[in-house]
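Reminder, nothing fancy here: chain letters follow the sequence lines and each chain counts from 1. Just so it is clear, the structure is predicted and the values come from calculations on it, not from any experiment.
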There are 4 protein chains.
Amino acid sequence: MTAATPARRHHGNRHGRSEEARQAVLEAADDLLVEKGFAGVTMEGIAARAGVAKQTIYRWWSTKTDILMDAFLQDATEDLTPPDSGDVARDLSEYLRRLAWFLGETDSGAVFRALIAQAQHDPAFAAEFRTRCLDVQRARDRLPLERAVRAGQLPAGLDVPAETDRLVGPVYYRALVTGEPIAHAFTDSLAEAFLHHHGQAARPGS
Amino acid sequence: MTAATPARRHHGNRHGRSEEARQAVLEAADDLLVEKGFAGVTMEGIAARAGVAKQTIYRWWSTKTDILMDAFLQDATEDLTPPDSGDVARDLSEYLRRLAWFLGETDSGAVFRALIAQAQHDPAFAAEFRTRCLDVQRARDRLPLERAVRAGQLPAGLDVPAETDRLVGPVYYRALVTGEPIAHAFTDSLAEAFLHHHGQAARPGS
Amino acid sequence: MTAATPARRHHGNRHGRSEEARQAVLEAADDLLVEKGFAGVTMEGIAARAGVAKQTIYRWWSTKTDILMDAFLQDATEDLTPPDSGDVARDLSEYLRRLAWFLGETDSGAVFRALIAQAQHDPAFAAEFRTRCLDVQRARDRLPLERAVRAGQLPAGLDVPAETDRLVGPVYYRALVTGEPIAHAFTDSLAEAFLHHHGQAARPGS
Amino acid sequence: MTAATPARRHHGNRHGRSEEARQAVLEAADDLLVEKGFAGVTMEGIAARAGVAKQTIYRWWSTKTDILMDAFLQDATEDLTPPDSGDVARDLSEYLRRLAWFLGETDSGAVFRALIAQAQHDPAFAAEFRTRCLDVQRARDRLPLERAVRAGQLPAGLDVPAETDRLVGPVYYRALVTGEPIAHAFTDSLAEAFLHHHGQAARPGS
DNA sequence: ATGTAAGCGAGACGGTACGTCCGGTCTTATT
DNA sequence: AATAAGACCGGACGTACCGTCTCGCTTACAT
C-alpha cells in the first residue's frame, strides 16, 4: 500500500473508507479466481475470505467483476510493461513474447481473460470494462509501434492502432480462443512479418 | 427437424427421445441468449419457455452451455461457409469479411462468443468446447488457405494452421476484445498483407 | 401424522407436499422458541434445525409466526381440554386451574403467549391470529359455562361470552402482564365469586 | 423535561447529555411506533428521524424497547390518573372506563401494549419492564381500592392486590388478547359485581 | 390386446448465493 | 465530554436457480 501511510487499523471511520478492507477484498477476489476459477468467485466467498462484511463490499463495488477490474488495474502494470531498448525489432519481438506470457501464464492475465469473458456476457459491463481497463491495455499494446514511429524507424503515416491490432490480435486469439501455449516462434514471426512488410529488414542476429 | 419424421406430438415414448422437445429447448436457449443475454439463460427459463420439464433437459444435457453448444452446431454452418471461387485473393478477402460479420452481427456469432467466454471461466468446459465446436470452426477457417495450397496458388510448405491464426486472429480480437465494428478495409488489408508477404501480388482489380 | 398413512418418505412430489418436512418445521420452530426464546426463532434457524431448505418453508408459510400458529393449532388441544364432570363448580374451578397451568407452564402456552405478543406488534397478523387460533381458544374457554347453562345449573339468559371474559381475564392478565405464578387459591376464588354472584352456592366440600 | 434548561442547539457538550437529543429520540420512537408499528421502530430509523447519531442512542439506551419504556414513563401519567371523588362506586367505575380507553385508544396505551408484548418475547426485558413500568402501573390500578379501604368503604382486611387483578384483568384481557372494543357496560358491570360481592350495594343512580 | 418400460410435463425437495436491511461497535472531527 | 456522521463486521431477511427426486400420464413395442 501507500508506504507513507503509517499504521492504519480502523473499523469504521467518518472520513473515508478502510484501505485495509479494500486491499483484503481485492486480494481475496484474486485468490479465489486463481484457486477455484470464476465460478468460485462469489460475493459471500470474498467477504468470508477477506474477513469483511458483505455490506462493505456492496458499499464500494456493485458486482464481483467490478472487484476484479479493480484488482486487475492494481496488478496489471507490474507484470506487463513494454521494453524500450530503442530497437524496434527487438522491442516488438520482446513485447509480444511478454504479452503472450502475461495473457497465458500470469494471475493478472487470468483476471484479464475473465473480464473479457464477462464482457461477452454483459454489454453494460463491456462498456465499463473497455473504458476502465481495456483502453489502458490497448495504449500499452500500442507503445512499441508509437515509439518506433517517433524514432523514425517506421513510416510517419503508419496507422498505429490498426497495425497494433494486427500484431497483437493473433496473440489474444491464441490465448482466448484456442488456448494453445504460445511459442516464441509464433510471436517472433509475427514481428518479423510485420517489419518485413513495412520495409524494415529483420536484424541479422535476432 | 429431421424431415423424414412425420408429425410427432407425443408425451413419452419408450424408444428414443422427443425431437420436438429437443428443438424447443435449443430454440428457447438461443432466444433467451439473444433477448436477455447470457445471465438470462437459465435452466428454469429454458424449461419454461420451451414448455418442457427440467428433468427432460437434464436427461439430455448437463449444463446450459452444453445446450448452447448444440444450438451453435446446428446453426453455425448455415451462416458461415467459406466461398470457393478458385481465386485465393478473392476467397480469402471474402471469407474474412464473412467471418467478421458472423462473429459480430449474427445470433450464431453471439452464441459462439458466449461459448468462448464460458471457456475462459471453466477449463473443463473449455476442453469439451474445443473438441466439439472449435475444431470444426478452425477447420472452416483453414479452408481458404488449404484450397489455395492444393491449387498451387500458395507454396506447398506453408504452415497453414499458424498462418490461419495470423489471419483470423485480428478479426477475433476485434470481435471479442475491442468490440469495435470491423470494416471491410480492415479485413481486406489483412488479406492483402498476407498475400504480399507470400509473394503473391495483389490482383490489380481488387 | 395420520397414523394410518404407511411409510411416506419422499422428496418432492407432484401431488402434495412433504408431510415429513412439515412436521420437521413445526417441531423445529417449537423447540427453538422454548430453547432460545422468540428472538431465537429465525427462518434460517428453523430451516437448519429441521434439515429443510428455506425455500420449502417459504413455499408453505409466509412468516415465522405463521409457522408458530400451525404448531400451536397442532399441539394446543392436547394440553387444554375442559373437564366435564357435570358439576359446574368443580369443572369451572378445574378448568381455570388447567388454563393457568397451560398459559404459564407448558410449551404450547409459551407459543400462545408469543403469538398474542406478536398480535400486539402487527395488526395484520392479529386478524389472522384471531381467526385461526384465538376463536378456537375462546370457544374452549366458554365450554364450562355453556355446558352449565345447558344443564340448567346456570340461568338460561346468561351472557356467556362476557361472563367468560370476566372469568378468564384475570388468569390471562396474570400470565401475560404480571408474569406471577398463579396459585390455585386465585383461580378457585374467581370461580367461587362467579358462582356466588349468580346465586349458585359454593359446594360444601370444595 | 428539565424546564429550567434554556435554549440549546449544540453538537457535543462538555457538561452532561443533550436534553434536546433525549427528547428527539423519545418522540421519534413514539411516532414511529404509531405510524409504522413496532417493526417500523428501528434504531437506525429513530436516529434518522431524530437527527441523532446511533452512537448517541446507544450511549443512553440499550435497546429500542428501553427507549419505548422511557417514552411510556414520560407520557403515561398524563393520560391515566385515577379519579378521587370519595365515592368508591363512582371512582371504580370511572377508573375502569378510563383504563379501557387508555389501553385501547391512546398512543401511550399502544406503547404499553408493545412493551407487554416484548416482555413475552424476552424474559430479561420482562424483568426490567416490571420493575420500571409495570409496578408503577399496578400501583395506579390499586389506588381506587386502597382509597376505599382507607375511607372505610371496603373491609379493612381486603386483599387489595388480588382483588385489583380480578377487576382489571378482564380489561387487560380484552385489550391485549381479543382486541375487541370495550364498552362501558362491560367495565361498569365489572365494578358492580365487585361491589355487590363485597356487600356494597350499587348506587341507585349509577 | 395388453402389459411393460421409457420419455414426458409438473413441481416439491435440499441447497447455495444473491443483494438488502438492521444491530451494535468503532473512529473521526466538531463543539 | 458528548455529539453528528458514517464505515465497519455480523447475521437474518426473502428471492432466484441449481440439480435431484417422485409422481402420474402417454406412448410403442413385445408379448
Side-chain angles (χ1 to χ4, degrees), chain A residues 8-18 20-21 39 41-48 50-60 62-64, chain B residues 8-18 20-21 39 41-48 50-60 62-64, chain C residues 9-18 20-21 39 41-48 50-60 62-64, chain D residues 9-18 20-21 39 42-45 47-48 50-60 62-64:
Chain A
R8 284 275 186 161
R9 190 73 193 130
H10 68 140
H11 292 277
N13 169 343
R14 176 171 189 180
H15 299 283
R17 67 197 283 191
S18 162
E20 229 181 336
V41 183
T42 65
M43 290 303 224
E44 307 240 306
I46 294 170
V52 146
K54 279 165 64 180
Q55 184 62 49
T56 299
I57 300 183
Y58 283 107
R59 208 188 326 271
W60 304 110
S62 53
T63 61
K64 68 183 186 179
Chain B
R8 288 278 185 156
R9 192 71 195 129
H10 69 143
H11 293 273
N13 173 342
R14 179 170 188 180
H15 299 286
R17 68 195 282 191
S18 162
E20 226 183 340
V41 182
T42 66
M43 290 304 225
E44 307 238 307
I46 293 170
V52 143
K54 279 165 65 180
Q55 185 59 45
T56 300
I57 299 184
Y58 283 107
R59 208 188 324 273
W60 304 109
S62 54
T63 61
K64 68 182 185 178
Chain C
R9 187 83 193 127
H10 68 144
H11 293 275
N13 170 343
R14 179 173 190 181
H15 300 287
R17 65 197 284 192
S18 161
E20 230 181 337
V41 182
T42 65
M43 290 303 223
E44 307 239 306
I46 294 170
V52 145
K54 277 166 66 180
Q55 184 61 48
T56 298
I57 299 184
Y58 283 107
R59 208 183 332 264
W60 303 110
S62 54
T63 61
K64 65 183 186 178
Chain D
R9 190 65 191 138
H10 66 147
H11 293 270
N13 174 345
R14 301 185 67 142
H15 307 289
R17 74 191 279 192
S18 162
E20 224 183 343
T42 66
M43 289 305 225
E44 308 236 306
V52 144
K54 278 166 66 180
Q55 184 58 42
T56 299
I57 299 183
Y58 282 107
R59 207 186 325 271
W60 303 109
S62 55
T63 62
K64 66 182 185 178

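In terms of the side-chain hydrogen bond (donor to acceptor under 3.5 Å, both in side chains) criterion, A/S62 has no residue partners (sequence neighbours excluded). Under the side-chain hydrogen bond (donor to acceptor under 3.5 Å, both in side chains) criterion, B/K64 pairs with no residue at all, not counting sequence neighbours. For A/T42, there are no side-chain hydrogen bond (donor to acceptor under 3.5 Å, both in side chains) partners, not counting sequence neighbours. By the side-chain hydrogen bond (donor to acceptor under 3.5 Å, both in side chains) test, A/E44 pairs with A/K54, sequence neighbours left out. Legend: residues meeting side chain to side chain contact (heavy atoms under 4.5 Å, CB included) with D/A50, ordered by chain and number and at least two apart, are D/A24, D/V25, D/A28, D/V52.
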Taking N or O atoms only and anything under 3.5 Å, show me the protein contacts with nucleotides 17-19 of chain F, one pair per line.
residue: F/dC18; atom: OP1; partner: B/M43; partner atom: N; Å: 3.0
residue: F/dC18; atom: OP2; partner: B/M43; partner atom: N; Å: 2.9
residue: F/dC18; atom: OP2; partner: B/E44; partner atom: N; Å: 2.9
residue: F/dG19; atom: OP2; partner: B/Y58; partner atom: OH; Å: 2.6
residue: F/dG19; atom: O5'; partner: B/Y58; partner atom: OH; Å: 3.4
residue: F/dG19; atom: N7; partner: B/K54; partner atom: NZ; Å: 3.1
residue: F/dG19; atom: O6; partner: B/K54; partner atom: NZ; Å: 2.8

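B/I57 places its CD1 atom 13 Å from the P atom of F/dT20, with the value rounded to the nearest Å. In this structure, D/R59 atom CZ and E/dG24 atom P are separated by 16 Å, rounded to whole Å.
C/A21 and C/T56 make their closest contact through CB-CG2, 4.4 Å (heavy atoms, listed as atom of the first residue, atom of the second, distance).
Taking for each of B/A50 and A/A39 the nucleotide of DNA chain E with the nearest heavy atom, the 5'-most of the two is the partner of B/A50. Checking C/A53 against B/W60, the closest nucleotide of DNA chain E that is more toward the 5' end is the one next to B/W60.
Distances shown here put every side-chain N or O of A/T56 at or beyond 4.0 Å from the OP1 or OP2 atom of F/dA7.
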